[in-house]
Asker: 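Before I ask anything, here is the structure I am working with.
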Amino acid sequence: MDEGDTDEGSGQVPLLVVDAANVVGSVPDGWWRDRRGAAERLRDSLTGIADGGLVSPAGGPAWAHSGPLEVVLVVEGAARGVAPVPGVRVEAASGSGDDRIVDLVENALTDRTRRRCLVVTADRGLRARVTALGADVVGPRAVRPA
């Protein structure tokens, strides 16, 4: 990895955390009949983001539109069995997916690491929690165009 591929000062690849339940639920395509399958389809659609960054014009910080990014998909409930694939790490929340996302953001934004962090969700409560920690937030369209 080149020096230009990392956060200024931290030496780490920026973190993109995706709220799977919220993003999957943003499009009424029958996901409720197969939550795990819907999360797997979302996971597979995220693989190019790790190297190339966000391609959607749906906003977000400029640094998120070029790679590399560490992509983490947080799943919960019936989607807990989703496996990781190259380019997308999957974190199965043992309880609340929102709480797991906040934990990931807190770890990324510690004084020791101070990684850039972007969370993908439309959940207002979660947005407030992670922006209070210093993360950026974009809505589901950033990774799942309508």
Side-chain angles (χ1 to χ4, degrees), residues 1-32 35-77 79-80 82-93 96-146:
M1 176 181 317
D2 294 335
E3 187 175 321
D5 293 341
T6 61
D7 272 355
E8 291 179 25
S10 78
Q12 294 193 33
V13 172
L15 181 65
L16 176 74
V17 182
V18 180
D19 180 353
N22 188 268
V23 173
V24 163
S26 70
V27 178
D29 61 0
W31 59 264
W32 52 89
R35 293 170 193 255
R36 182 175 174 168
E40 288 171 339
R41 289 188 296 279
L42 173 60
R43 175 206 59 201
D44 295 347
S45 74
L46 298 172
T47 58
I49 293 173
D51 290 328
L54 296 176
V55 294
S56 168
W63 57 261
H65 290 272
S66 62
L69 300 172
E70 179 183 0
V71 178
V72 179
L73 180 67
V74 176
V75 296
E76 60 187 297
R80 280 196 190 107
V82 173
V85 295
V88 181
R89 186 173 102 211
V90 177
E91 289 279 334
S96 161
D98 289 3
D99 290 346
R100 183 65 189 124
I101 291 167
V102 170
D103 289 344
L104 289 166
V105 169
E106 282 179 330
N107 289 336
L109 295 174
T110 63
D111 288 337
R112 184 175 49 87
T113 58
R114 286 307 295 170
R115 293 173 76 180
R116 289 179 176 158
C117 186
L118 178 63
V119 176
V120 181
T121 189
D123 180 306
R124 289 183 184 168
L126 179 58
R127 290 171 79 96
R129 291 172 69 188
V130 298
T131 55
L133 295 170
D136 291 300
V137 180
V138 292
R141 287 187 180 167
V143 296
R144 188 173 184 182

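These numbers come from a predicted model, not from an experiment.
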Asker: Search all heavy atoms of Ala142 against all heavy atoms of Val138 and return the closest pair with its distance.
Answerer: CB-CG2, 3.5 Å
Asker: Mind checking side-chain hydrogen bond (donor to acceptor under 3.5 Å, both in side chains) for Arg127 and listing every partner two or more places apart, or none if nothing turns up?
Answerer: none
Asker: By side-chain hydrogen bond (donor to acceptor under 3.5 Å, both in side chains), which residues pair with Asp29, not counting sequence neighbours?
Answerer: Arg144
Asker: Minimum heavy-atom separation for Trp63 and Leu69, please, with both atom names.
Answerer: CZ3-CD2, 4.0 Å
Asker: State which residues pass side-chain contact (heavy atoms from CB on, under 4.5 Å) with Ala50; sequence neighbours excluded, sorted by chain then number.
Answerer: Val71
Asker: Please enumerate all residues that pass side-chain hydrogen bond (donor to acceptor under 3.5 Å, both in side chains) together with Arg129, with sequence neighbours excluded.
Answerer: Asp99
Asker: Provide the closest heavy-atom pair for Ala21 versus Glu76 in the form atom of the first, atom of the second, distance.
Answerer: CB-OE2, 3.8 Å
Asker: Donor-acceptor pair, distance only, cut-off 3.5 Å: does the side chain of His65 make one with the backbone of Gly53?
Answerer: no
Asker: For Arg36, check salt bridge (charged side-chain N to carboxylate O under 4.0 Å, His left out) against everything at least two apart and list the hits.
Answerer: Glu40
Asker: Taking only residues two or more places apart in sequence, or in another chain, which ones meet Glu91 in a side-chain hydrogen bond (donor to acceptor under 3.5 Å, both in side chains)?
Answerer: Arg89, Arg100
Asker: Mind checking side-chain contact (heavy atoms from CB on, under 4.5 Å) for Ala135 and listing every partner two or more places apart, or none if nothing turns up?
Answerer: Val105, Leu109, Cys117, Val119, Val130
Asker: Test of understanding: with side-chain contact (heavy atoms from CB on, under 4.5 Å), list the residues that count as partners of Val85, not counting sequence neighbours.
Answerer: Arg43, Asp44, Thr47, Val88
Asker: How far does CG of Leu133 sit from OG1 of Thr110, to the nearest 0.5 angstrom?
Answerer: 11.5 Å
Asker: Which pair of non-hydrogen atoms, one from Ala108 and one from Leu15, has the smallest distance, and what is that distance?
Answerer: CB-CD2, 3.7 Å
Asker: So which heavy atom on Val13 is nearest to which on Pro68, and how close?
Answerer: CG1-O, 3.3 Å
Asker: Looking at residues at least two apart in the chain, or sitting in another chain, which of them share a side-chain contact (heavy atoms from CB on, under 4.5 Å) with Asp123?
Answerer: Asp19, Asn22, Asp98, Thr121, Leu126
Asker: Where the side chain of Arg80 meets the backbone of Ala93, is there a donor-acceptor pair that is under 3.5 Å apart?
Answerer: yes
Asker: What's the shortest heavy-atom distance between Pro61 and Leu118, and which atoms?
Answerer: CD-CD1, 3.8 Å
